[in-house]
Amino acid sequence: ISRSEVDAGPLLWRQKRTWIPPPKMLIENVDYRNEPFIARIFSDEQANLPVRYSLKGKGATENPENLFVVDPDTGLIRLTDILDREKIPEYNLLGVAKYLDGSNAETNLPLRFKVQDENDCTPVFGQMSPGAVKELKTYIMTINATDDDEPGNPNSQIKYTIVDQKPAGESMFYISPQGELFVRRAALDRETQDAYMLTIEGTDLNGAINGNTGTGTVVVNILDVNDNLPVLEKDSYEGSIEENTANMEVMRFKAIDADLEYTDNWLAQYEIISGNEAGYFSIETDPKTNEGVLMLNKAVDYEELQELDLKVAVANKAPFYLSGGGG
Ligand SMILES: [Ca+2]
Ligand SMILES: [Ca+2]
Ligand SMILES: [Ca+2]
Ligand SMILES: [Ca+2]
C-alpha cells in the first residue's frame, strides 16, 4: 500500500531553524476537527518580540475560508472540516508571522498540504455508443469507465470484465483488463445473431476483491460480410415462348441469399453462360425481389428453334468474402 506524503513545505522560515512538529498525513474523509493541531508554524523571532501568526490563501483567507486555522499565539494549525480530495487535492497556503505593529517578522512561508486519496469513488460508465464488428473479425472497440479518485493511484485504476451477454449461450466476446473488447473467436455469424448486448464491469484497485465496482452496458452490432453465395430456388426451370414475339419477359427465377437484404452482399447478378449464342435472351435483376428476369429480345422462328437449353450462373454484386479460417 502506498501512502502519499503530506508535504507541508519546509518546516522552517527560510532563514531560521525551528518548525515543529512535523506535519501529519492529511487523509480525505478523516475527521481531524478534534485534533489539537495538524501542523505548526513557528518563528525564532518570538524569542525577541511577540509574534502573531496567520494563514493566507485558498483554505484560509479564500474559499474554502477558515478550513485551516492557526492559533495566532502558538502557531498551531487546526482543521475545521473534513477534506475531500476529489474536490480539492491540495492546499497551498502561506504562513504569515507579524510583529504586533503589523510589520513582517518573517518572509511568508509556503505551506503545501496534499490530501491523501481514499478509494471512495466507484468506476462509472457513461453512455456507450454501440460498437460494431464485421462478422469473422475480432477487434471491436475499447471500453472506458472513469473513476474520480486520484489519477495514477490504484484507487482509480480499473480492471474490466464481461459479466453478462445477451443473448446468452456461448460467450462470444472477451475483454482485456484494460478494456479492449474482442470477439472470442472469429465465429460471429450475423445470419445467426446480428447484435449482442454486453454488461461490462469495472473494478478499481485494478480489480482487487475489495475494489469498488461499477457496470455499464454496450451494444455490439454485427456487420454483414458476403459469406453466403446466392442459390437458385430450383435446379431447373421451364418456360415457353410464342414465336414471332419479342421484348417480352419469359420467366423469373429467384435467388436465395442469407446475407443482409437489399445490400450488394444480397443482390444477385445473373449471367447466361451457355445457350445464348444467337443472342435471343438477356437477364436483368429485379432489385426488389432479387429475381432474375429472363427477357426475350428478338423473335424466335419456331422452324429454326424448338427447344433451347440455357445455363444461367448467379453471383452477388459484391465479391465473395474470402476468410482465412473456415466459417
Ligand atoms: Ca475508486
Ligand atoms: Ca478519493
Ligand atoms: Ca451473399
Ligand atoms: Ca453474411
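Counting starts at 1 for both ligands and their atoms, in listed order. Everything quoted here is computed from the prediction, not taken from an experiment.
Taking 3.0 Å as the criterion, Asn119 counts as a coordinating residue of the Ca ion (ligand 1), since one of its N, O or S atoms falls below it. Taking backbone and side-chain atoms together, Ser156 has no N/O/S atom less than 3.0 Å away from the Ca ion (ligand 1).
Atom CG of Asp101 is surrounded by more than 12 heavy atoms from other residues, nucleotides or ligands within 6.0 Å. Within 6.0 Å of the NZ atom in Lys254, the count of heavy atoms belonging to other residues, nucleotides or ligands exceeds 12. Sparse packing is recorded around CE of Met197, with 12 or fewer heavy atoms of other residues, nucleotides or ligands lying under 6.0 Å away. More than 12 heavy atoms of other residues, nucleotides or ligands lie within 6.0 Å of CD in Glu62, so this atom counts as buried by the packing criterion.
Closest to the Ca ion (ligand 2) among the N, O or S atoms of Glu28 is OE2. For the Ca ion (ligand 4), the nearest N, O or S atom contributed by Asp224 is named OD1. Checked against the Ca ion (ligand 2), the N, O or S atom of Asp149 at the shortest distance is OD1. Asp204 has its closest N, O or S atom to the Ca ion (ligand 1) at the position named OD2. In terms of distance to the Ca ion (ligand 2), the nearest N, O or S atom of Glu118 is named O. In terms of distance to the Ca ion (ligand 1), the nearest N, O or S atom of Asp147 is named OD2. The N, O or S atom of Asp120 with the smallest distance to the Ca ion (ligand 2) is OD1. Nearest N/O/S atom of Asp117 with respect to the Ca ion (ligand 2) is recorded as OD1.
With the Ca ion (ligand 4) at the apex, Asp259 OD1 and Asp227 OD1 define an angle of roughly 80° (rounded to 10 degrees). With the Ca ion (ligand 1) at the apex, Cys121 O and Asn155 O define an angle of roughly 170° (rounded to 10 degrees). Geometry note: the Ca ion (ligand 4) is the vertex, Glu191 OE2 and Val225 O are the arms, and the angle is 150° (rounded to 10 degrees).
The nearest pair of heavy atoms linking Asp227 to Glu191 is OD1-OE1, 3.2 Å.
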| task | Evaluate the criterion side-chain contact (heavy atoms from CB on, under 4.5 Å) for residue pair Lys114 and Leu26; output intermediate values, then yes/no. | result | CA-CA 7 Å; Lys114 274 183 80 175; Leu26 295 181; over 6 Å; no
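When Asp259, Asp257, Asn316 are each tested for a side-chain hydrogen bond (donor to acceptor under 3.5 Å, both in side chains) with Asn228, only one passes: Asp259. Of the residues listed (Tyr32, Tyr91, Tyr53), the one engaging Phe68 in a ring-ring contact (aromatic ring centres under 6.0 Å, His included) is Tyr91, and it is the only one.
Using modelled atom types, one side-chain atom of Asn290 and one backbone atom of Ala268 make a donor-acceptor pair closer than 3.5 Å.
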